[in-house]
Number of protein chains: 2
Amino acid sequence: MKPDHFEVTPACTAVHHLLARVGDKWTVMVVKYLGNGSMRFNELKRTIDGISQKMLTSTLRGLERDGFVTRTVFPTIPPRVDYELTDLGRDLLVPVKALGDWAIKNEQRVREARARFDAARAGKEHHSPFADAAE
Amino acid sequence: MKPDHFEVTPACTAVHHLLARVGDKWTVMVVKYLGNGSMRFNELKRTIDGISQKMLTSTLRGLERDGFVTRTVFPTIPPRVDYELTDLGRDLLVPVKALGDWAIKNEQRVREARARFDAARAGKEHHSPFADAAE
DNA sequence: CAGTATCCCCTTGGATACTG
DNA sequence: CAGTATCCAAGGGGATACTG
């Protein structure tokens, strides 16, 4: 156990925990697709290109654990499992979408700021006058 | 045909990138404290107890690069560096705060969902229904 | 004071193989 | 089909030491 004694408002902790949960590599995408209605496991896997089985599973488990999605198993052969947003999940979608709209709206400004910063940093380099690769 | 509540492709990428930036371990706290006005490096370091120099530096650099904070150096001895939110940074604070409010408002619901999930999972265990690590 | 530079551990996440 | 189990690489992040 860690004796970290934060004198930080509970707000920060709450925000950080939510962002840490929602800010991982795949959660937003899963939630967004489920926002359109319930989907099966492989349906999600096919739709979200690039996601591995392991990550889809663990992402869904996490969302299920936190009450954002429901997992419904149909004991057929082959098995079928449906995932669907709960009310809480749909509710979460509102502020997340707001952040998403902000992101889309300001993407360009961030990109420009980044370009300025990198250009300034490259200009200050005296060791290597070459263009250094930004990501 | 499939219901299409919102388009997925550009939104997901933008949202994920923003969340990945803002969802790391310290960014929210730094931005939040800077929301109260400009602060010096060590002032931030003292206030955000638990953060290392390395992480404060890299967090601030990232925020600066993306145009969310400005870094002002006073060439005195000892040196003084002020950090302050830009307009973009303040603007970002709006949807982030919305998410924060959601987090605070629904913290309990998430906690309860988690407890239910863990209880159900513990119930399915073949072995000890005893103490599972509660965080 | 405000950083850089290292070392190193731990987590995240991808690839692959196996199962009910 | 819908997972688990295992291995492994990359990078985030902490502790510490050094610097202008």
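Hydrogens, waters and symmetry mates are skipped; everything else that's a heavy atom, side chains included, is used. Every chain is numbered from 1, with letters handed out A, B, ... down the list of sequences.
- When each of B:Asp24 and A:Pro78 is assigned the nucleotide of DNA chain D with its nearest heavy atom, A:Pro78 is the one assigned upstream, toward the 5' end.
- Between D:dA2 and A:Arg40, a contact under 4.0 Å exists linking OP1 or OP2 to a side-chain N or O.
- With salt bridges taken as basic N to acidic carboxylate O contacts below 4.0 Å, one links B:Arg80 and B:Asp82.
- Between B:Arg46 and B:Asn42 there is a side-chain heavy-atom pair separated by less than 4.5 Å.
- In this structure, the side chains of A:Arg65 and B:Arg121 stay at 4.5 Å or more apart for every pair of heavy atoms.
- For C:dC8, the paired base is D:dG13 (Watson-Crick or G-U wobble, both distances below 3.5 Å).
- Backbone-only engagement by B:Tyr83 is indicated by non-hydrogen atom pairs under 4.0 Å involving sugar-phosphate atoms exclusively.
- Shortest non-hydrogen contact noted between B:Thr47 and B:Met39 is OG1-CE, 3.5 Å.
- Taking atom CZ of residue B:Arg61 and atom P of nucleotide C:dA5, one finds them 11 Å apart after rounding to whole Å.
- Straight-line distance from the CE atom of A:Met29 to the C1' atom of C:dG13: 14 Å, rounded to whole Å.
- For B:Lys25 and D:dG13, a side-chain-to-base donor-acceptor distance below 3.5 Å is absent, hydrogens and geometry of angles not being considered.
- Protein atom CE of A:Met55 is 16 Å distant from nucleotide atom P of D:dA5, rounded to whole Å.
- As judged by a 4.0 angstrom heavy-atom cut-off over every strand, B:Lys45 is placed among residues making no nucleic acid contact.
- For D:dA2, neither phosphate oxygen OP1 nor OP2 lies less than 4.0 angstrom from any side-chain nitrogen or oxygen of A:Arg71.
- C:dG3 atom P lies 15 Å from atom CD1 of B:Ile77, rounded to whole Å.
- We find that CZ of A:Arg121 is positioned 11 Å from P of C:dT4, with the value rounded to whole Å.
- Using a 4.5 Å heavy-atom cutoff, the side chains of A:His17 and B:Val110 are not in contact.
- Rounded to whole Å, atom P of D:dG14 lies 11 Å from atom CG of B:Leu56.
- Between the CG atom of B:Asp82 and the P atom of C:dC1 there is a distance of 14 Å, given to the nearest Å.
- With a cut-off of 3.5 Å on both Watson-Crick or G-U wobble distances, the partner of C:dC18 is given as D:dG3.
- Side-chain to base pairing of B:Gln53 with C:dG3: no donor and acceptor N or O lie closer than 3.5 Å to each other.
- Nucleotide C:dG13 holds its C1' atom 6 Å from the NZ atom of A:Lys54, rounded to whole Å.
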